[in-house]
Amino acid sequence: MDYQVKSEFVENLEAPCLVVGFFAKRKLTPTAEALDARLGGLLERLLKRDDLSGKPGDVLVIGNTGIDAIERVIAVGLGKKDELTVESYRKALAAA
């Protein structure tokens, strides 16, 4: 499997899979909010429906985004926004 890191606006991004973060209490990161707007609120709807709390390592895989440019999204919990550390970030990346 090939991995690639791109630095561009999520509104224009095309990829087989995107990884975005969300904080405790299902608060989306700014990038995840922009992606959610592009997906018509799909991320927020699915997070509210699921039992995820947003703790580091929580994972929600969305296999059908409804748009051709992005086949799937992996939303990863980052914990409390004001308590984000290198260690909790690594845990989130490992979970993804």
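Predicted, not measured: the structure shown is a model, and the values here were computed from it.
Counting heavy atoms from C-beta outward, Ile62 and Leu43 have side chains that approach closer than 4.5 Å. Counting heavy atoms from C-beta outward, Phe9 and Asn12 have side chains that approach closer than 4.5 Å. Inter-residue side-chain proximity for Leu39 and Val73 is flagged as met; some heavy-atom pair is nearer than 4.5 Å. Here the side chains of Ile74 and Cys17 are in contact, with some heavy-atom distance below 4.5 Å.
Within the structure, side chain to side chain donor-acceptor pair (under 3.5 Å) contacts touching residues 29-44 (residues at least two apart or in different chains) do not occur.
Minimum interatomic distance between Ser88 and Glu83 (heavy atoms only, all atoms of both residues): OG-O, 4.2 Å. Of all heavy-atom pairs spanning Gly21 and Leu78, the tightest one is CA-CD1, 3.9 Å. When all heavy atoms of Gly40 and Arg45 are compared, the closest pair comes out as O-NH1, 2.7 Å. In this structure, Leu13 and Leu18 approach most closely via the heavy-atom pair CD2-CD2, 3.1 Å.
Residue Leu93 is not grouped with residue Val20 when hydrophobic side chains (ILVMFWY) are merged at heavy-atom distances under 4.5 angstrom, including chains of intermediate members. Linking Ile, Leu, Val, Met, Phe, Trp and Tyr whenever their side-chain heavy atoms come within less than 4.5 Å leaves Leu35 and Val76 in two separate clusters. When the side chains of ILVMFWY residues are joined at heavy-atom separations under 4.5 Å, either directly or via intervening members, Leu42 and Val61 end up in two distinct hydrophobic clusters. With hydrophobic clusters built from ILVMFWY side chains whose heavy atoms lie under 4.5 angstrom apart, Leu46 shares a cluster with Leu28.
Heavy-atom neighbours of Glu87 CD from other residues, nucleotides or ligands within 6.0 Å: at or below the threshold of 12. Residue Asp68 places its CG atom among 12 or fewer non-hydrogen atoms of other residues, nucleotides or ligands, all under 6.0 Å distant.
Looking only at distances, no side-chain donor or acceptor of Thr65 sits under 3.5 Å from a matching main-chain atom of Arg72. Under the 3.5 Å distance criterion, the side-chain polar atoms of Arg26 are matched with a main-chain donor or acceptor of Leu47. No side-chain donor-acceptor contact under 3.5 Å links Asp58 to the backbone of Leu52.
Rounding to the nearest 0.5 Å places OG of Ser53 at 13.5 Å from CZ of Phe23. From Arg49, atom CZ reaches atom CG of Leu60 across 9.0 Å, with rounding to the nearest 0.5 Å. Interatomic distance, Lys55 NZ to Lys91 NZ, rounded to the nearest 0.5 Å: 7.5 Å.
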